[in-house]
Amino acid sequence: MISQLQSIQQRDSSKPSSIVVIGDETTTVLQRQIIELLSYALVLSGNRVLTTANSGADEAVARGALRANERMLTIVVANSMNSMSESTREDLSGVRNVVELRHTGLSPELEAKLVYAELLGGAEKLIAFAFHRSRMLRQTIDQALALNIECTVLFLD
């Protein structure tokens with residue numbers, strides 16, 4: 001794991017890396033604090049961070065990146081901002097780069113697959129915080145590996 005995180009740090013400083021950071025929604029407070037700190041550090045070292053608007057780990061990713069530099073954060077959402085709850089819209093108000101896929105009427109699983117596919121389309125690297133039971137995240141990791149995206153997976157269990 002340390003060598004994978006060091007490879008993220010060793011990059012061409014003239015071009016920011018696009019790093020997708022995603023994770024499970026059921027994370028502890030301590031896990032979310034660590035994820036937020038990692039996201040903050042990634043952005044401070046010049047990387048662009050991409051994630052979803054999900055709660056839990058992804059919310060921590062967004063908080064850390066926003067604290068470092070809101071221009072280096074991109075959040076992908078399945079629907080339009082108008083279809084989201086007021087609290088979600090409020091949470092995303094500081095995010096400059098929101099990609100709205102505008103998919104409606106789809107199952108949550110299909111929406112998640114489409115969001116993750118969109119994220120991977122712009123990724124050079126993937127960092128995932130998952131449990132072994134996290135089927136959707138593990139499928140996304142497999143998809144990233146198939147696309148030759150460098151993956152670092154941290155299992156939380």
Side-chain angles (χ1 to χ4, degrees), residues 1-79 92 95-101 103 106-157:
M1 177 181 79
I2 297 296
S3 65
Q4 289 174 332
L5 292 174
Q6 284 176 331
S7 77
I8 291 168
Q9 195 176 25
Q10 297 167 350
R11 58 171 188 77
D12 178 2
S13 60
S14 66
K15 179 181 176 263
S17 290
S18 293
I19 303 174
V20 172
V21 186
I22 54 175
D24 200 277
E25 292 185 18
T26 56
T27 52
T28 67
V29 171
L30 178 59
Q31 289 166 338
R32 287 191 303 273
Q33 289 172 334
I34 291 167
I35 293 166
E36 183 175 340
L37 183 60
L38 173 67
S39 175
Y40 178 76
L42 286 171
V43 171
L44 282 182
S45 41
N47 296 292
R48 177 169 303 285
V49 171
L50 301 93
T51 194
T52 76
N54 292 343
S55 62
D58 297 358
E59 185 177 27
V61 170
R63 266 195 318 272
L66 279 171
R67 207 169 42 133
N69 183 343
E70 70 276 355
R71 283 178 255 130
M72 298 301 278
L73 171 66
T74 298
I75 293 184
V76 178
V77 297
N79 297 305
L92 296 176
V95 180
R96 292 183 180 201
N97 304 308
V98 177
V99 177
E100 300 171 287
L101 299 182
H103 295 295
L106 302 176
S107 70
E109 184 174 342
L110 185 53
E111 284 182 350
K113 284 182 180 182
L114 293 170
V115 167
Y116 288 142
E118 179 72 20
L119 286 169
L120 293 180
E124 296 170 49
K125 300 176 184 184
L126 168 71
I127 300 174
F129 296 89
F131 292 96
H132 284 87
R133 63 165 167 66
S134 305
R135 187 177 53 84
M136 181 63 66
L137 286 173
R138 297 202 44 184
Q139 288 175 355
T140 304
I141 294 161
D142 291 342
Q143 183 181 5
L145 289 169
L147 294 169
N148 294 318
I149 295 171
E150 183 180 331
C151 297
T152 300
V153 182
L154 298 123
F155 285 103
L156 302 173
D157 54 1

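The shown structure was predicted, so the numbers you read here are calculated from the model rather than taken from an experiment. Numbering of residues begins at 1 and proceeds along the displayed sequence.
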S.K.: Looking at A130 and L137, what are the two nearest heavy atoms and their distance?
M.R.: CB-CD1, 4.0 Å
S.K.: Are any non-hydrogen side-chain atoms of L38 and I34 less than 4.5 angstrom apart?
M.R.: no
S.K.: How close do L154 and I127 get, counting heavy atoms only, and between which atoms?
M.R.: CD1-CG2, 3.9 Å
S.K.: Please walk me through it: do L126 and I22 pass side-chain contact (heavy atoms from CB on, under 4.5 Å)?
M.R.: CA-CA 8 Å; L126 168 71; I22 54 175; 3.8 Å; yes
S.K.: Return the CG to SG distance between L145 and C151, rounded to the nearest 0.5 Å.
M.R.: 4.0 Å
S.K.: Nearest 0.5 Å, what's the CG-CG distance between L44 and L37?
M.R.: 9.5 Å
S.K.: Quick one: side-chain hydrogen bond (donor to acceptor under 3.5 Å, both in side chains) partners of T28, sequence neighbours excluded?
M.R.: Q31
S.K.: Considering residues at least two apart in sequence or located in another chain, which fulfil the side-chain hydrogen bond (donor to acceptor under 3.5 Å, both in side chains) criterion with Q143?
M.R.: none
S.K.: Taking it one step at a time, do R48 and N97 satisfy side-chain contact (heavy atoms from CB on, under 4.5 Å)?
M.R.: CA-CA 11 Å; R48 177 169 303 285; N97 304 308; 3.9 Å; yes
S.K.: May I have the list of side-chain donor-acceptor pairs in residues 70-77 shorter than 3.5 Å, sequence neighbours left out?
M.R.:
{"from": "E70", "atom 1": "OE2", "to": "R96", "atom 2": "NH2", "distance (Å)": "3.3"}

S.K.: Does the S39 side chain pair with the main chain of I35, one donor and one acceptor, at a distance under 3.5 Å?
M.R.: no
S.K.: Not counting sequence neighbours, which residues clear side chain to side chain contact (heavy atoms under 4.5 Å, CB included) with A78? List them please.
M.R.: E111, V115
S.K.: Taking the side chain from T51 and the backbone from V21, do they hold a donor-acceptor pair closer than 3.5 Å?
M.R.: yes
S.K.: Quick one: list whatever passes side-chain hydrogen bond (donor to acceptor under 3.5 Å, both in side chains) with Q33, sequence neighbours left out.
M.R.: none
S.K.: Could you list the residues that satisfy salt bridge (charged side-chain N to carboxylate O under 4.0 Å, His left out) with R135, not counting sequence neighbours?
M.R.: E109
S.K.: Is there side-chain contact between Q139 and D142, with at least one heavy-atom pair below 4.5 Å?
M.R.: no
S.K.: Work out which heavy atom in S18 is nearest to a heavy atom in L50; give both atom names and the distance.
M.R.: CB-CD1, 3.8 Å
S.K.: The criterion is side-chain hydrogen bond (donor to acceptor under 3.5 Å, both in side chains); which residues satisfy it with T52, sequence neighbours excluded?
M.R.: N54, D58
S.K.: Suppose we screen for salt bridge (charged side-chain N to carboxylate O under 4.0 Å, His left out). Which residues come up paired with R63, at least two apart in sequence or across chains?
M.R.: E36
S.K.: Please, which pairs that meet salt bridge (Lys or Arg N to Asp or Glu O under 4.0 Å) have at least one residue in residues 17-31, sequence neighbours excluded?
M.R.: D24-R133
S.K.: Look up atom CG in L119 and atom CD1 in I19, then write down how far apart they are to the nearest 0.5 Å.
M.R.: 13.0 Å
S.K.: Say whether, by atom type as modelled, one donor and one acceptor occur between the side chain of T27 and the main chain of G56 under 3.5 angstrom.
M.R.: no
S.K.: Any side-chain heavy atom of E150 sitting closer than 4.5 Å to one from E124?
M.R.: no
S.K.: Could you name each residue pair satisfying ring pair (Phe, Tyr, Trp, His ring centres under 6.0 Å) that touches residues 116-139, not counting sequence neighbours?
M.R.: H132-F155
